[in-house]
Amino acid sequence: METRKIERVWLTDSAVWIRTMDGREACERFDDYQRLKCATPAQRAVYETDKYGIHWPELDEDLCFEGFFKKKTVNPLYSLFMKHPELNAAAIARRMGMSQSLFAQYVSGIKKPSAERMSEILHTVQTIGLELQKETF
């Protein structure tokens, strides 16, 4: 994966913006990410960056810089996490022993998981659902 050198990251009322060292600008709308959409401006303002992307620790949300410049396509993982914002992508990645950054790239569509990997992801999500069904209070 190519890493872009990011000069600046800033937030508006509706999006997070980045500018690369070569002057290219792009944004991701908060409305496209359930956790960012539901977050307060104060929660959105608390983020960390590294050479790959932006992370909101309190919100458990990650955006990869490469995704800002990719054509947006809907994929099954993206649809799943938009439909069920209660799912925690980072926790699922940890449970699978997978890099959270890689998992975020699968969800955003930057990378496409193999059929076998997609099956593993679905199995993990379904296993969590079965475990939750067994809970009693």
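Values in this document were obtained by computation on a predicted structure and should not be read as measured data.
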Revision key, fill the gap. Smallest heavy-atom separation, Ala90 atom then Asp60 atom, equals CB-OD1, 3.0 Å
Practice item. Please indicate whether Asp13 has more than 12 foreign heavy atoms, meaning atoms of other residues, nucleotides or ligands, lying under 6.0 Å from its CG. Key: no
Review point. Quick one: which of Asp62, Leu11, Ile6, Ile18 gives a side chain to side chain contact (heavy atoms under 4.5 Å, CB included) with Ile54?
Key: Ile18
Review point. What closest approach, in Å, do Gln43 and Trp56 show between heavy atoms, and which atom pair accounts for it?
Key: O-CD1, 3.7 Å
Check your understanding: Is it true that Glu120 and Arg117 have a side-chain N and a carboxylate O under 4.0 angstrom from each other?
Key -> yes
Exercise for review: Using distance alone, with no hydrogens and no angle criterion, decide if Glu28 and Tyr33 have a side-chain donor and acceptor under 3.5 Å apart.
Suggested key: yes
Review point. Are Phe69 and Phe65 co-members of a hydrophobic cluster defined by side-chain heavy atoms under 4.5 Å apart?
Key: yes
Practice item. Find out whether the Lys NZ or Arg CZ of Arg19 is both under 6.0 angstrom from the six-membered ring centre of Trp17 and within 45° of the ring's axis. Key: no
Check your understanding: Between Pro113 and Leu77, which heavy-atom pair has the shortest distance, and what is it?
Key -> CG-CD1, 4.3 Å
Study note, to complete from the structure: Heavy-atom closest pair (Ala93 atom, Ser99 atom, distance to 0.1 Å) is CB-O, 4.2 Å
Check your understanding: Can you name the nearest heavy-atom pair linking Ile121 to Tyr106, along with the distance?
Key -> CD1-CD1, 4.1 Å
Practice item. Treating Ile, Leu, Val, Met, Phe, Trp and Tyr as nodes and any side-chain heavy-atom pair under 4.5 angstrom as an edge, say whether Leu132 and Ile92 lie in one connected cluster. Key: yes
Exercise for review: Would you check if Thr20 and Glu7 make a side-chain contact, meaning some heavy-atom pair closer than 4.5 Å?
Suggested key: no
Practice item. Answer whether the closest heavy-atom distance between the side chains of Ser14 and Arg29 falls below 4.5 Å. Key: no
Practice item. Count the heavy atoms belonging to other residues, nucleotides or ligands that lie under 6.0 Å from CD of Glu131, then report whether that count exceeds 12. Key: yes
Review point. Looking at side-chain heavy atoms only, is the closest gap between Leu87 and Ile128 below 4.5 Å?
Key: no
Check your understanding: Looking only at heavy atoms, what is the nearest atom pair of Arg35 and Leu59, with distance?
Key -> CD-O, 2.8 Å
Practice item. Taking the side chain as every heavy atom from C-beta outward, state whether Thr40 and Arg44 have any atom pair closer than 4.5 Å. Key: no
